[in-house]
> 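One structure, pasted below without further comment.
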There are 2 protein chains.
Amino acid sequence: MDVSTPSAVNGHAPAAKAATIRDVAERAQVSVASVSRVLNGSDAITESTRRRVLDAVEYLRYVPHVGARSLSTSRTDTIGVILPDLYGEFFSELIRGMDLAARAHGKHLIVSSSHGDTEETLAALRSMRGRVDGMIVLSPHLRAANLAADVAGRMPVVLMNGGLDEAGRPSIAIDNHGAAVTAVEHLRATGRRRIAHIRGAAGNLEADIRAEGYASALVDQEPIIVEGDFTQAAGHRAATRLLALDQRPDAVFAANDMMALGAMLAFQEAGVRCPEDVAVIGFDDVPLAALVRPTLTTLRVNIAEMGRRGVERLIGLVQAGPNGAPDSACEIVRPLLVERQSTAAAETAGSTTVNPTAQPL
Amino acid sequence: MDVSTPSAVNGHAPAAKAATIRDVAERAQVSVASVSRVLNGSDAITESTRRRVLDAVEYLRYVPHVGARSLSTSRTDTIGVILPDLYGEFFSELIRGMDLAARAHGKHLIVSSSHGDTEETLAALRSMRGRVDGMIVLSPHLRAANLAADVAGRMPVVLMNGGLDEAGRPSIAIDNHGAAVTAVEHLRATGRRRIAHIRGAAGNLEADIRAEGYASALVDQEPIIVEGDFTQAAGHRAATRLLALDQRPDAVFAANDMMALGAMLAFQEAGVRCPEDVAVIGFDDVPLAALVRPTLTTLRVNIAEMGRRGVERLIGLVQAGPNGAPDSACEIVRPLLVERQSTAAAETAGSTTVNPTAQPL
DNA sequence: CTGTTAGCGCTTTCAG
DNA sequence: CTGAAAGCGCTAACAG
């Protein structure tokens, strides 16, 4: 052993260049096939061969080249995720859930954001060819998502884009319509009779469905819908417009929590009390919802769980292979109503004068 | 053309199996080499060849197989990121910044979390071999990070683990010590004389350095340190313990914003006013910091920007190649003091009776 | 049980 | 300007 080589000191080969399976075979005096076998724990192998191989691996610090491996096995053990964006709690929770599930199955995750652009979605998808075994596509636009599924060709794809009408494609979607109805009904049940809606970005599928659900659940009133884009600032602006109305609403259903929070802030600034003067309900149940005062009633979506399910669904498809039973089901996630202070019943609300001097967090 | 094949209708080949470069060559009546040339825009190519190739590509919906390509070019155009966790705003912001930078340079991102475990960190690192051109490693433990850099062998690695003493390795770190000193000095400048510290998890490098910086900046007082773990709940517990002290502190420096918020909540519940009775300063400047009341003074770290810098640094290393000028610099990010209400000067604080009835968000 | 060998899909000399 | 052929590192028959 050439002790003059620095790294030879700790019994390792100089790592000028990463060792290949051939180097290992050579050093262990066996064929590459045997090395491969040992490393993949496949066949029966003589204990002595195994030892020699493992020693060589150790000595050379050999790490199999996944790229090469997947080229020959045509498996990558990686799943691709295409998101419209990476900003905000929704996506980070989703990724976390997916990562957890992926790890549990020994898969890798490769994430790409498309910035909501259909072209970019497709570009991202293409660039994943040969890099992943399957994909999960989130897109606020039905078209992009479906297109993506087409482009993918034989690669399994799970759609998670909020639409329920993914006929023929494996997908997971939130029951946006049903949840919106639940929101309105809850507001009515707590005594509100003039309910407004701050909707999400135009053209966004989920926003459309929630708005539609809202409208369909109204009783004795016309829809009062103001545009938003899922940001807190938009919620603030929308609420300001609502306040300027001749007939102010006594309740607001915001298409997500961040807008609900923005609206609450606007109300507060205007001296309009929540929930006494106006009730507010959000959607998502971001952690923040329980931290503000009044705490925010909302429709909880277990995002990480959705991510997990998406991954497991996809893994199922991958394992089934192209000849597996065709999976065309749309799994539905039903948001859960979480009642908090912001929609406390109108009649009892007035008496909720708990420690008015406290500095709410 | 076989019009009976469904997809032949829109002028495409049946996509039973993804087309390879050979299929394209065959259909275009050229060699695979020419196809490769056209696709890589390399050599000069006859216009007619180019056309034929592009037509074939279009017809076959050919997408190059990145895995195969990288096997022969030994480039992957992908950078790997190993994080201790994926939970919370810090990491999502970091990933967002990294993604932005990666996209800007036409690179992909592959993220893996190690759950803080050194073994897992190494495993993740190994599994990235051949999949990435370089890595960014975040680890709260110096050891894991350094080990990782070793294991990586010839692969460029940028460390982002909070330690400043990464002698000999390219790295990016927050000036935790300096920022902690700034926090203490700010508290003193606003009249506080008995400053406590809620520290981060034991064994966490950043937590250690912040605590040390805190202690070093004290004047005329002994350190008052209570343990935390970066969660809001820990901040709450820690504050409760501080309140039980014989001599209550008149200021608290929490090692991050979430703990600061938890502490504020605890103070509020105990009827202790902030900032009048006790000032609170956090670290990070999460969005929430500006939304609570009182708004939270904190040390802002531009996380997305850090992510961007990490990626660009790594890309630089990758392009420089193994023979590039050795880069052993530690880039330092200095947090910025953002003064808000939670540390308003003691003497003026009393008069800040702005609209006490407002429902703070 | 182990070695030989033919690819996986692509890039890249090296000759025409 | 274009084609033939040699790999990149690994796996998986197929023989021994």
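So you know, we letter chains A, B, ... as the sequences are listed, proteins then strands, and number each from 1.
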> Nearest to the side chain of B/R37, heavy atoms from C-beta on, is which of C/dG9, D/dA5, D/dT2?
D/dT2
> Do the charged groups of B/R22 and B/E26 touch, with an N to O distance under 4.0 Å?
no
> Atom CD1 of B/I21 and atom P of D/dA5: how far apart are they, to the nearest Å?
16 Å
> C/dC10 C1' sits how many Å from B/R22 CZ, rounded?
9 Å
> Assuming nearest nucleotide by heavy-atom distance, tell me which of B/A33 and B/L71 is located more 5' along DNA chain C.
B/L71
> Think A/T46 has a side-chain N or O under 4.0 angstrom from the OP1 or OP2 of C/dT2?
yes
> Roughly how many Å is it from CZ in B/R131 to P in D/dC10, rounded to a whole number?
14 Å
> Which is true for B/S74 with a 4.0 Å heavy-atom rule: it touches a base, it touches only sugar-phosphate, or it touches nothing?
nothing
> Distance check: side-chain N/O of A/S34 vs OP1/OP2 of C/dT2, anything under 4.0 Å?
no
> Please give, in whole Å, the distance from D/dT2 C1' to B/E47 CD?
16 Å
> The side chain of A/V32 lies closest to which of these nucleotides: C/dT2, C/dT4, C/dT11?
C/dT4
> For the side chain of B/R96 and the backbone of B/A304, is there at least one donor-acceptor N/O pair under 3.5 Å apart?
no
> If we ignore hydrogens and angles and just use 3.5 Å, is the side chain of B/H105 paired with the main-chain N or O of B/K107 as donor and acceptor?
no
> Compare the minimum distances between each of D/dT11, C/dG9, D/dA4 and the side chain of B/S31, then state the nucleotide with the smallest one.
D/dA4
> Any side-chain to backbone donor/acceptor pair from A/R52 onto A/A28? Under 3.5 Å, distance only.
yes
> Find the distance B/L39:CG to D/dT2:P and express it as a whole number of Å.
15 Å
> By the 4.0 Å heavy-atom rule, please label A/T73 as base, sugar-phosphate, or nothing.
sugar-phosphate
> Checking all strands, does B/V35 fall into the base, sugar-phosphate, or nothing category for heavy-atom contacts under 4.0 angstrom?
nothing
> Using atom CZ of B/R75 as one end and atom C1' of C/dC10 as the other, report the distance to the nearest whole Å.
12 Å
> What nucleic acid atoms does A/S70 come within less than 4.0 Å of, heavy atoms only: base, sugar-phosphate, or nothing?
nothing
> Does C/dG9 have OP1 or OP2 under 4.0 Å away from a side-chain N or O of B/R69?
no
> B/H65 NE2 to D/dC10 C1': how many Å, rounded?
13 Å
> Just by modelled atom types, is the A/P84 backbone N or O under 3.5 Å from a matching donor or acceptor in the A/S113 side chain?
no
> Which whole-number value in Å describes the distance from A/R129 CZ to C/dG9 C1'?
8 Å
> Starting at the 5' end of DNA chain D, which residue's closest nucleotide do you reach first, B/A68 or B/T49?
B/T49
